[in-house]
Amino acid sequence: MNQKLIEHIKSNFKSRFKTNPTLVFSPGRINLIGGHTDYNNGFVLPAAIDKGIVAAIDKSDSEYSSVVALDVNEQLDFSLKNIQAIKNGNWKNYVIGGVAEIQKFGKQLENFNLVFGGDIANGAGLSSSAALENSVVFGLNELFQLGLSKKEMIFISQKAEHNYVGVKCGIMDQYASMFGKDDSAILLDCRNLEATTFNIDFKDYKVLLINTNVKHSLAESAYNDRRSVCEKIALQLNINALRAASEKDLFTIKNKIPEDDYQKALYVTQENDRVLQASKAIKHNDIELLGKLLYASHKGLQHQYKVSCDELDFLVDYAKKNTDVVGARMMGGGFGGCTINIVKKDAIKAYKKDVAQAYKENFNANCSFYVVNLSAGTRVIETN
Ligand code: GLA
């Protein structure tokens, strides 16, 4: 964890609000494989990381609540009564969404002060949004002893995003951020939240994240569109969610739906299968197979599900040319953010240099890198 960040948040809170806060850390996440399968009740293989959001929180005796986003130096003062989404509110909607959804759950809140900041870039596909939602909900649960379970909290966080941000996200990000385990990835069945923890030891390899540093504007609407295509096809097949569809089932309606939609549904079915294969590969320490599955996942996301972009495709194609990289794919919602790469440890430095140069030449822009460790989920790091 980033000690400097923790101190920074804490001292800022103290000088602003003059009380001793409780500190919460809520991590971002990676996802080894299982892109866009979560809202289809499918499988994913995410892990929480050692980077995320630190939130300092304490009760307030003023007439309103105050939240400060230190990274952008903005403050929101709001009343707990009658909370509405804020137009172009960005981070503010994640926060007030969490507050409002706790209230809708039937829990009573009093005014509070909160200061937060983080060490993952917004839009990197590392789920700073779920980390923020979880930090707020978890922090409020601690502060007011609301008695919410972790499962209740992640559904509250997810609803905040659905109803106040407007992204109909699945449950993976909130789950991984809340329930992460040190050095482990989690095979999560999004149908019932059954989870199997995999201790990850890639031995000679490491996970390298490469951020395109772009976030294309269609990201949010395209995400919701994909979800509704999947739901429409599930309805047509008379099933709850695409998770329950086999390739054979899909084939029975192939001629009744647009080819584009068919390919999207087919992708989901195939990706679910890849997640299960990947978890077996990890169990058997078969990094080569894991890598191949990552490449296949990207191909599906690019050509069938169509949520990639030039920058992400470039980084994955570049990885394919280098034998020190066993696998790579885009991660998260798409249209920007990071690729996840499994790279030989002793080649990481040279690879970073090569990629940085090639990316610059191609896009006249810089990509950036994160080497991450897999970490525990949302937790209190200091009580007041
Ligand atoms: C975003 C969403 C998740 C998931 C991924 C794609 O991160 O928040 O629920 O759907 O995209 O796998």
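Order of listing sets the numbers, starting from 1, for every ligand and every atom in it. Positions are given from 1, in the same order as the sequence printed here.
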What atoms of ligand 1 come closer than 4.0 angstrom to any heavy atom of [X]?
X: Tyr39; value: 10 (O)
X: Arg29; value: 7 (O)
X: Gly170; value: 9 (O)
X: Gly35; value: 12 (O)
X: Tyr223; value: 1 (C), 2 (C), 3 (C), 4 (C), 9 (O), 10 (O), 11 (O)

What protein heavy atom sits nearest [atom], and how far off is it?
atom: atom 12 (O) of ligand 1; value: His36 N, 2.8 Å
atom: atom 5 (C) of ligand 1; value: Met172 CE, 3.8 Å
atom: atom 9 (O) of ligand 1; value: Asp38 OD2, 2.5 Å
atom: atom 8 (O) of ligand 1; value: Asp173 OD2, 2.6 Å

Atom of [X], atom of [Y] and distance for their closest heavy-atom approach:
X: Ser246; Y: Asp249; answer: N-OD2, 2.9 Å
X: Arg227; Y: Lys168; answer: NH1-O, 2.7 Å
X: Ala358; Y: Tyr318; answer: CB-CE1, 3.5 Å
X: Phe179; Y: Ile186; answer: O-CD1, 3.6 Å
X: Phe369; Y: Lys352; answer: CZ-O, 3.3 Å

Spatial distance of atom OG (Ser127) from atom CG (Leu132) [nearest 0.5 Å]: 10.5 Å
Glu271 touching ligand 1 at heavy-atom level, < 4.0 angstrom: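 Per 4.0 Å heavy-atom rule, Glu271 does not contact ligand 1.
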Taking a cutoff of less than 4.0 Å between a non-hydrogen atom of the residue and any ligand atom, is Gly332 in contact with ligand 1? yes
Any nitrogen or oxygen of Gly333, side chain or backbone, less than 3.5 Å from one on ligand 1? yes
Is Lys215 paired with Glu311 through a side-chain N to carboxylate O contact shorter than 4.0 Å? no
Decide ring-ring contact (aromatic ring centres under 6.0 Å, His included) for Tyr223 and His36; before the verdict, give the C-alpha distance in whole Å, the side-chain angles of both, and the deciding distance to 0.1 Å. CA-CA 9 Å; Tyr223 186 93; His36 291 263; 5.3 Å; yes
